[in-house]
2 protein chains.
Amino acid sequence: MALKYSRQREVIKDFLCTRKDHPTADVVYMNVRQQYPNISLGTVYRNLTLLSDMGEIMRLRVGDGVDHFDADTSPHNHFVCSECGSVIDLKMENIDYIQEAAGKDFSGRIDGYTAYFYGLCGSCCGKLQS
Amino acid sequence: MALKYSRQREVIKDFLCTRKDHPTADVVYMNVRQQYPNISLGTVYRNLTLLSDMGEIMRLRVGDGVDHFDADTSPHNHFVCSECGSVIDLKMENIDYIQEAAGKDFSGRIDGYTAYFYGLCGSCCGKLQS
DNA sequence: ATTGGAAATAGTAATGATTACTAGTTTTAC
DNA sequence: GTAAAACTAGTAATCATTACTATTTCCAAT
């Protein structure tokens, strides 16, 4: 009996599945509280960690000091806007080749990688052309 | 007169140049205090930020919750050991092509990327084979 | 060389994301 | 039904980093 059902965890997972913008724990908390008014922030954090440990969701450390979460666990890369901070999915060819490249002259074992691209998102790009 | 000389900044930069292990602000603080006993942690943080803003050093956000700093500003990639947490330089071919790949089907502007590889370093790899 | 003011410093307090703790509640295997 | 294990809400603690403040240092112009 490793894992027990919890309504809170279900609601958190369900909410995350409706979003494609990689919300932070705090954003998840704010939203989930609409349907589940007295859920605790600690519960949100614990379940997000649990779900990502189980591989049901992904934790994104994009380098802005706050963890983001993604219900889409299929392999894909992310873009982070330097202006507005939004985290966006990238549609691009597979680049797993870089993992091979990294392992060529390395004495340890490489299990994976994370790649984040940054710059200006489409919306911020337009705004700054005035 | 934008930037003024400071002995503290010089000592911090000099120390960082002697290290290839990408120390954290706290490690820099501990070590610099040997030659400069009453330097403040805030001064270390402020100068590390200043130096990286000027492009003299690099700030590495490897996703372990602590910033690491690197005096080597030439383009290269990093490996993070999942076991011991050490951050190691990788000797590998240039992979800037992934930035082109990311920009192909993207409406914004891509200015750069960060790629971190993870797994077991050579030393931890050996220890876990018992 | 003196000096005025901008930039830097030490020391400390504040911030903010995340984790830990605790007493009580829910789930579930028997 | 029941008991143990897992979970929860609420709160306190942690820890990296930033902000604040009174004082000191650097340096360009006199």
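Numbers restart at 1 for each chain; the letters A, B, ... are given by sequence-line order, proteins then strands.
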Undergrad: Separation of D67(A) atom CG from dG16(C) atom P, in whole Å?
TA: 17 Å

Undergrad: Rounded to whole Å, please give me the gap between CG in D64(B) and P in dC15(D).
TA: 15 Å

Undergrad: Could you walk me through whether D89(A) and H22(A) satisfy the side-chain hydrogen bond (donor to acceptor under 3.5 Å, both in side chains) test, starting with their C-alpha distance in whole Å, then the side-chain angles of each, then the deciding distance to 0.1 Å, before giving a yes or no?
TA: CA-CA 9 Å; D89(A) 285 327; H22(A) 319 88; 2.9 Å; yes

Undergrad: Taking only heavy atoms on the protein side, list every residue of residues 39-55 of chain A lying under 4.0 Å from any atom of DNA chain D, sorted numerically.
TA: I39(A), S40(A), T43(A), R46(A), N47(A)

Undergrad: What is the separation between atom CG on D26(B) and atom P on dT18(D), rounded to the nearest whole Å?
TA: 14 Å

Undergrad: Given side chains that start at C-beta, do those of T114(B) and Y118(A) come closer than 4.5 Å, heavy atoms only?
TA: yes

Undergrad: Measure OH/Y29(A) against C1'/dA17(C) and give the value in whole Å, please.
TA: 14 Å

Undergrad: Would you say K127(A) and E83(A) make side-chain contact, with heavy atoms under 4.5 Å?
TA: no

Undergrad: Would you check if the side chain of S82(B) reaches a backbone N or O of G119(B) as a donor-acceptor pair within less than 3.5 Å?
TA: yes

Undergrad: Is it possible for you to check whether R9(A) lies under 6.0 Å from the centre of the six-membered ring of Y5(A), through NZ or CZ, and within 45° of that ring's axis?
TA: no

Undergrad: To the nearest Å, how far apart are I12(A) CD1 and dC7(D) P?
TA: 12 Å

Undergrad: Whole-Å distance between dA17(C) C1' and R61(B) CZ?
TA: 13 Å

Undergrad: Any side-chain N or O of Q8(B) below 4.0 angstrom from OP1/OP2 of dT25(D)?
TA: no

Undergrad: Using the ring of each side chain (for Trp, its six-membered ring), is Y97(B) parallel, tilted or perpendicular to Y97(A), with breaks at 30° and 60°?
TA: perpendicular

Undergrad: First locate atom CG of L90(B), then atom NZ of K104(A), and finally report the distance between them rounded to the nearest 0.5 Å.
TA: 13.0 Å

Undergrad: So for K4(A) and dA5(D), does any side-chain atom that can act as donor or acceptor lie under 3.5 Å from a complementary atom in the base?
TA: yes

Undergrad: I want to confirm an ordering. Mapping Y5(B) and S6(A) to their closest nucleotides on DNA chain D, which one lands closer to the 5' end?
TA: S6(A)

Undergrad: Round to a whole Å and report the spacing from CZ of R9(B) to P of dT25(D).
TA: 16 Å

Undergrad: I need the CZ-C1' distance between R33(B) and dG11(C), as an integer number of Å.
TA: 13 Å

